[in-house]
Protein chains: 2
Amino acid sequence: MVKTKILLEEKDMPRQWYNLAADLPHGLKPPLTPDGKPMSPEMLSKVFPMNLIEQEISDKRWIDIPDPLLEILARWRPTPLHRAKYLETYLKTPARIYYKDESVSPAGSHKSNTAVVQAWYNKQFGIKKLTTETGAGQWGSALAFACNLLDLECKVYMVRVSFDQKPMRKTLMNAWGATCVASPSPQTNFGRKVLAQMPDTPGSLGVAISEAIEEAVADQTGQTRYSLGSVLNHVLLHQTIIGLEAKKQLKLAGEHLPDVIIGCAGGGSNFAGISFPFVSDKIHGAKMTIIPVESSSCPKMTRGKFTYDFGDMAGMTPLMAMFTLGHDFMPVPIHAGGLRYHGMAPLVSQAIVDGLMTPKAYDQVKCYEAAITWAKTEGTICAPETSHAIACTIDEAIKAKEEGKEKVILFNYSGHGLMDLLGYEKYLSGKLERYALGQDELVKSMEALDSLPQIR
Amino acid sequence: MVKTKILLEEKDMPRQWYNLAADLPHGLKPPLTPDGKPMSPEMLSKVFPMNLIEQEISDKRWIDIPDPLLEILARWRPTPLHRAKYLETYLKTPARIYYKDESVSPAGSHKSNTAVVQAWYNKQFGIKKLTTETGAGQWGSALAFACNLLDLECKVYMVRVSFDQKPMRKTLMNAWGATCVASPSPQTNFGRKVLAQMPDTPGSLGVAISEAIEEAVADQTGQTRYSLGSVLNHVLLHQTIIGLEAKKQLKLAGEHLPDVIIGCAGGGSNFAGISFPFVSDKIHGAKMTIIPVESSSCPKMTRGKFTYDFGDMAGMTPLMAMFTLGHDFMPVPIHAGGLRYHGMAPLVSQAIVDGLMTPKAYDQVKCYEAAITWAKTEGTICAPETSHAIACTIDEAIKAKEEGKEKVILFNYSGHGLMDLLGYEKYLSGKLERYALGQDELVKSMEALDSLPQIR
């Protein structure tokens, strides 16, 4: 019997996060203010607490995980590493496929890994309330869960299309005591402005982020901060616990390094989590193919531009050097709401520029097909975002068969899809939308980038 | 740091199921035909395959789990035993609360434990298709999952009220390749009869069972059988793997036997699973309080009668000696669809009669209150059925505090509620229905029992 579950004990949890910024061969481009000057840490202090800003700008390779946080993370960590032997058999591939199961957290995805950390650091800093955005609802649920544990107030702006597609996500956040409103909302200046211009908009993560930041900085008591579920350095840092555990578990399974590492990538955090601890091996000479998978409806890595852009639609964030489609790109309403983001994390973007990663784009019809293959072989229902990683994994496993190579493929099973079954329903009944993104539309949304500071 | 997760390896999985029938001090009353004669095994052979009928009537204490089944069960087993230390802290109880997490199976509940076993034995017997009923959808999902793994066709009759409350359950079954229709349906003679008499009925498990059996026995090729998710001896047998694992895990946690064991009980299978392996200790002198928890809307154990009754509304099953409210009792549409069954498993019923168990009934408003307390302390969203076990656990933990006793409480976390959030939504918005079941209604539904054979 092939061992399909590789478990770690609580005592085997990593004690430190890994910071890729310390190892990137060409470093990171600094964040800028809109007029092109370097952004100082203090300028972010109305948005984030200073202890997290310190992590954001840190160049230390390893950053300690405080003991009380380890205890919170141990509620669901270490997560299992599984061997996908049923999928392997179905594909008749010589590849050995492993996946890290991040769906086991109470909120159902990897997002909890940073949610509890951010809530904890905010609490340490004396903050009483966090605001945030959410796409498909995974991040909002995770932050609601985290804020409940740490006794913080929590307000979530949920992208309208997902709010409507997945009404039970709001209930889940409510069960943990958080408030959730559809974005654009009439509760902020920016939300009202967008609603006036586009009353029927499906919304976007870029809009929701603007609303959440606006509410945070508007609190005159200084006790509210904003929390972001991806993109930023410190968020990706917290997710590296995934890959660090996976490394130990692969060793237990008798494997060396993977040949291929795959993760879906919206803002980049779950992908960074599984891959960054291995990127350092690649930088030091190991041969590995590392693939962030995006939606072909929101193809910043494969069709976007590496340049300075805002993280939100209203331009309230610093300018970050990243692959982007332009901050006012409005993606079509695919079911993988977490992939509907115009930009890619600066750390992931720089690693792509440095040739360490090879992005790919998949359309949702192919991804749901992969999700059904997964359900029928491995038995579980994956999130629409995760289906992108699975579609790519299947392709890589077939490629290994064609090449006759015994490759080791590792991917991140970022979340379950039990609350996102509407897309499955549409796919199974032949009603799933197929989208093709025209070049004109892309060129138009990227035009605005020319007026922003350029990378030197 | 208190260790909150007690894990077992695949190699530690029990190799045998425990059969309580071998140990019950007064044995089990035999199933009867409608005219009061003993039911022979052959008479059941159009409904179930003979290899499962052999388990149904077995008096062997231990029954081997075949190796190929162990491999299938190892997809999600052994399941974790958790210490609920956050709930303990919140309640300020000296009790140590442990729960077995059966929500980790792909279908989300304990139901998978018997679904794969029944599908496997049917497959061995040459069967090509299984029919079944489902209440809240947990059982139908589990059988759909199991039939997909074993390449059997699967048809599920889902109680109308749950079909409407939880539409994504149908999608889940479809994703695994099963067909799901609302019951009563126009697809069977019995369904059409019920629809003609009560076009607006919410349906019941009793009706759905009749429809599923009708379809199975109507197949002239003899390649279709019916599969039941609870009540019967062999179903409860398969669930004992839960309690057998829990016993090993409690020992690892440094505990002896629990003082209190709790499970919610609709047909009795998850409750039997957690408790039966400990009931044998109680029979041999150990002191333990063992509590099956039912819904006060469907109170067969606390307000019903121990007598012979049919397992379904149409009277197609054998007569079984059990606690029942009468086979045409139509429960109100509480959200815990799995508890909407008129009878209790003969094995559990006999154990109650023998004084080995102490049933309790809870109303759904109190249970959702407990579910929210759980979500805010332990962090997870439980199924509406499971909330009944949690409500009782909280009461027992408070009792331990009042008595100043360091009791060990063990309960079965039978399933997650991520697909059943509508009840949470109603509870949180103050719209959850509160039901009181009148004595007249009960007396009326139990009248029909007088005309059936009586227990001698």
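Nothing here was measured: the structure is a model prediction, and the numbers come from that model. Numbers restart at 1 for each chain; the letters A, B, ... are given by sequence-line order, proteins then strands.
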Point to revise | Which atoms of Lys11(B) approach chain A - backbone, side chain, both or neither, heavy atom under 4.5 Å | key: neither
Review point. Using 4.0 Å as the upper bound for N to carboxylate O, is an ion pair formed by Glu71(B) and Lys85(A)?
Key: yes
Point to revise | Residue Phe145(B) versus chain A: region with a heavy atom under 4.5 Å | key: side chain
Check your understanding: Which region of Asn148(B), side chain (C-beta onward) or backbone (N, CA, C, O), has a non-hydrogen atom less than 4.5 Å from a non-hydrogen atom of chain A, or is it both or neither?
Key -> side chain
**Study point:** Segment of Leu418(B) engaging chain A (4.5 angstrom heavy-atom cut-off)
**Key:** both
Point to revise | chain A contact via Arg77(B) - side chain, backbone, both or neither, heavy atoms under 4.5 Å | key: backbone
Exercise for review: Using a cut-off of 6.0 Å, state whether more than 12 heavy atoms not belonging to Lys128(A) lie near its atom NZ.
Suggested key: no
Check your understanding: Taking atom types as modelled, is there a side-chain donor on Thr132(B) or Ser227(B) under 3.5 Å from an acceptor on the other?
Key -> no
Check your understanding: Tell me, side chain or backbone of Leu8(A) under 4.5 Å from chain B's heavy atoms, or both, or neither?
Key -> backbone
Check your understanding: Looking at residues at least two apart in the chain, or sitting in another chain, which of them share a side chain to side chain contact (heavy atoms under 4.5 Å, CB included) with Thr114(B)?
Key -> Gln118(B), Trp139(B), Val235(B), His238(B), Gln239(B)
Review point. Which of parallel (below 30°), tilted (30 to 60°) and perpendicular (above 60°) describes Phe411(A) and Tyr99(A)?
Key: parallel
Practice item. Count the heavy-atom pairs under 4.5 Å between each of Met419(B), Lys5(B), Glu425(B) and chain A, then report the option with the highest count. Key: Lys5(B)
Practice item. Take Arg83(A) and Arg96(A) through the test side-chain contact (heavy atoms from CB on, under 4.5 Å) and record every step on the way to the result. Key: CA-CA 7 Å; Arg83(A) 171 94 181 263; Arg96(A) 295 191 293 284; 3.4 Å; yes
Practice item. Count the heavy atoms of every other residue, nucleotide or ligand shown that sit under 6.0 Å from CD of Glu153(B), and state whether that count exceeds 12. Key: no
Review point. Does the ring of Tyr86(B) carry Arg75(A) above it, NZ/CZ under 6.0 angstrom from centre and within 45° of its axis?
Key: yes
Point to revise | Sorted by number, residues from residues 376-385 of chain A in contact with chain B (heavy atoms, under 4.5 Å) | key: Lys376(A), Thr377(A), Glu378(A), Gly379(A), Thr380(A), Ile381(A)
Practice item. Would you sort out whether Asn174(B) and Tyr427(A) count as a side-chain contact (heavy atoms from CB on, under 4.5 Å), showing the intermediate values? Key: CA-CA 11 Å; Asn174(B) 293 161; Tyr427(A) 173 78; over 6 Å; no
